[in-house]
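What follows is a set of notes on a single structure, which appears directly below.
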Amino acid sequence: MVKSKRQIKLSVLMDKLCDLGWDYTAGRMSRSGMECYDDIMQYLGALKPDEHWNEDVYECKGGYH
């Protein structure tokens, strides 16, 4: 693992993750990708525990609550 001297900005990370959310909403992510995405967004506080970025798409891909 390479250590960087630059500071990681949460706002930039959140912007990039929100952009990636469009792939989620469009159904282009695998179910496991959606689960990983939701876990990251829950960890960062953008989603509540057990919440999904897009409930309808998550259920259409076979995800369950």
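- Distance check: Arg31 CZ to Tyr58 OH gives 7.0 Å after rounding to the nearest 0.5 Å.
- Expressed to the nearest 0.5 Å, how far CG of Asp15 lies from NZ of Lys9 amounts to 11.5 Å.
- Under the side chain to side chain donor-acceptor pair (under 3.5 Å) criterion, Ser11 pairs with no residue at all, not counting sequence neighbours.
- Clustering ILVMFWY residues whenever any of their side-chain heavy atoms sit less than 4.5 angstrom apart, transitively, puts Tyr43 in the very cluster that holds Leu20.
- The shortest heavy-atom contact between Gln42 and Asp50 is NE2-N, 3.5 Å.
- Considering only residues two or more places apart in sequence or on other chains, Asp23 meets the salt bridge (Lys or Arg N to Asp or Glu O under 4.0 Å) condition with Arg28.
- Using a 4.5 Å cut-off on side-chain heavy atoms (C-beta onward), Val57 and His52 make no contact.
- Side-chain contact between Lys61 and Met34: present, with at least one pair of heavy atoms (C-beta onward) separated by less than 4.5 Å.
- In terms of the side-chain contact (heavy atoms from CB on, under 4.5 Å) criterion, residue partners of Cys18 (sequence neighbours excluded) are, by chain and number, Met41, Trp53.
- Hydrophobic clustering, with ILVMFWY side chains joined whenever heavy atoms are under 4.5 angstrom apart, keeps Trp22 apart from Tyr24.
- Within the 4.5 Å cutoff, no side-chain heavy atoms of Glu51 are placed close to those of Asp38.
- In this structure, Thr25 and Asp56 have side chains that are not in contact, with every pair of non-hydrogen atoms separated by 4.5 Å or more.
- A 6.0 Å sphere centred on CG of Leu10 holds more than 12 heavy atoms belonging to other residues, nucleotides or ligands.
- With sequence neighbours left out, the side chain to side chain donor-acceptor pair (under 3.5 Å) criterion links Tyr37 to no other residue.
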